Number of protein chains: 2
Amino acid sequence: MGALDTAILPTAADIDAAAQRLFGVAVRTPLVNAPVLDAALGARVFLKAETLQRTGSFKFRGAYNKVSSIPLARRGAGVVAYSSGNHAQGVAAAARLLGMRATIVMPSDAPRAKRARTLALGAEVVAYDRNSEDRAAIAARLVAERGATLVPPYDDALIIAGQGTIGREIVEDLARLGLAPEIVVIGASGGGLAAGISLGVKARVPQAKFYTVEPEGFDDTLRSFASGKREANARMSGSICDALMSNTPGELTFPITQALIGQGLTASDAEVARAVRYAFEELKLVVEPGGAIGLAALLAGKLDVTGKVVVGVLSGGNVDADLFARLIT
Amino acid sequence: MGALDTAILPTAADIDAAAQRLFGVAVRTPLVNAPVLDAALGARVFLKAETLQRTGSFKFRGAYNKVSSIPLARRGAGVVAYSSGNHAQGVAAAARLLGMRATIVMPSDAPRAKRARTLALGAEVVAYDRNSEDRAAIAARLVAERGATLVPPYDDALIIAGQGTIGREIVEDLARLGLAPEIVVIGASGGGLAAGISLGVKARVPQAKFYTVEPEGFDDTLRSFASGKREANARMSGSICDALMSNTPGELTFPITQALIGQGLTASDAEVARAVRYAFEELKLVVEPGGAIGLAALLAGKLDVTGKVVVGVLSGGNVDADLFARLIT
């Protein structure tokens, strides 16, 4: 793992500690099995429905694990995060539950619904202009001025460990059915979800295989696996998967996903749209495009899963009603 | 229970037997808890997501319990049912799993999607004209000609017992959380779901209270509770809840719901539409109007549930994409 200080990388024990913190606070989301999907793929397919998590995405897990770990003496100064979407809501909800102030730096052109949901969770929203301002600099200034704690979207051991509780639950729920995950398919952007889940699953099922899935044209993780170093995307927008627009794998997440996953897939916008529609028609679940990319890869036959126990993660459901209506009709 | 032969009424033991038959075949649907809904209602609210059941509604449970109970010698002749929607799919799926032929008598103006889904499940569809033909007579003729078995939509002990497995699962899943249901809210039409669930829950939690919920203007169950006899609706169409258009409570279901429930609520089309939208925005679940009527009554404050353990049943999610798009935007 190169020059990286491995002491700051999360471990399976950190995931167990996160599970303790999240118990009774995060929703223990169901691992959904749909016979119609099993038949379509010729496999036993389970979907971890993080769409049903607090705030409508997995992001609450990492955020709460991080925010609840802030020492009491520092809580009065609140937390700061930057995000245009799901992380914003996760941090806002976590801070509210802990009676803390949350300030979210959001682009001025963020989807109105996501801004409204963040405000409704009691957060202060600081708008910035994507073209002329640097969100990290704005957040750093707020942190310095207030003595607040920054809650990063993925490059943080506590955030990764929080997302890792998903992996732990997948293994536990399958064990109750006498099963173990053979293939796990995870959407990737900054890599917090993929790093956390692969850590959480591998700790108990070492032989499990993982695949990241990224939007076509935004396959920085896939190219980083190939080159062995963190590659960047050429663009920062232009995919239907607004939740998967990080520029490059994280400094902390990449050594983990490289070691534990090391292989990836992509899905086109059309394949993602088909998965959103399939989830509506056949599964009766509302999934946002970025949250459906794993299912998209499976439905598009990007992987031969015949006869396997396959897990996909439906990572979020915060989709604008107009877009959803367009995708399903 | 008047002149009714109580020997044909289902019992808690019949529900246990149904649970055995359905094990590993029906989906054990999750009992969804959403903190946002708890906060909105000031209660602990759990939603039994039968939207995630095989065929997208609870109807599969009763249908499979009935069809799998047909003696082997009679299976070759197949099954016959009449339905314009969810029961059709439930019967078709059950018959296919058991290698049997299914014939469904459907109105010629049934929603195309429901007809297509029934055909896709391998059933033969016999169309009839709502205005000039009698579907029960057509089904009776098919039964007589073929020696087939009729699978009624609700007035059958095995059908009621199958739906009753939902009540059993609700009690089991809440017990794991150290809870018991205090109030259970169930959409009612023919009454198979309400009869089954109230039987299944009461067997283990005698103090639980139940409410049926019906569309405004189609409150035959409510009026039957008041008068003590089976009342009929003035109309057979005109509500957004196409799944709740039975004319009158069932001959078998009514004595059960009268004895175990005895009280009901109604919800307007606007309240149901709001619940469908709420399920999309906040719960990320696709629910059809008839399946959302219990949630609609809760969200509309028809009942004071403050501080209670409340269960609603999301009974189905087979909603046309165009209608759903209209309801959420």
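Predicted model, so just to flag it, every value in this text is computed and none were measured. Proteins get letters first, then strands, A, B, ... in listed order; numbering begins at 1 in each.
- Neither the backbone nor the side chain of A:Val36 comes within contact range of chain B, judged by heavy atoms closer than 4.5 Å.
- Of the residues considered (A:Val25, A:Asn318, A:Asp322, A:Val287), A:Asn318 shows the highest number of contacts with chain B, using heavy-atom pairs under 4.5 Å.
- Residues B:Ser239 and B:Leu244 have side chains not in contact (no heavy-atom distance under 4.5 Å, counting atoms from C-beta outward).
- For B:Arg21, the CZ atom sits in a packed shell: over 12 heavy atoms of surrounding residues, nucleotides or ligands are nearer than 6.0 Å.
- A salt bridge links B:Lys114 to B:Asp242: one of the charged nitrogens lies within less than 4.0 Å of a carboxylate oxygen.
- For B:Val32, the part lying under 4.5 angstrom from a heavy atom of chain A is the side chain only.
- By number of non-hydrogen pairs under 4.5 angstrom with chain A, the leading residue of B:Glu281, B:Arg117, B:Glu282 is B:Arg117.
- Using a 4.5 Å cut-off between heavy atoms, A:Asn33 touches chain B through its backbone atoms (N, CA, C, O) alone.
- By the 4.0 Å N-to-carboxylate-O rule, A:Arg61 lies close enough to A:Glu50 to be salt-bridged with it.
- Between B:Arg28 and B:Asp173 there is a salt bridge, since at least one side-chain N of the basic residue sits less than 4.0 Å from a carboxylate O of the acidic one.
- Looking at A:Leu283, the atoms closer than 4.5 Å to chain B (heavy atoms on both sides) all sit in the backbone: N, CA, C or O.
- Listed options B:Thr29, B:Val286, B:Leu177 were ranked by heavy-atom pairs under 4.5 angstrom with chain A; first place goes to B:Val286.
- The shortest side-chain heavy-atom distance between A:Ile166 and A:Phe58 falls under the 4.5 Å cut-off.
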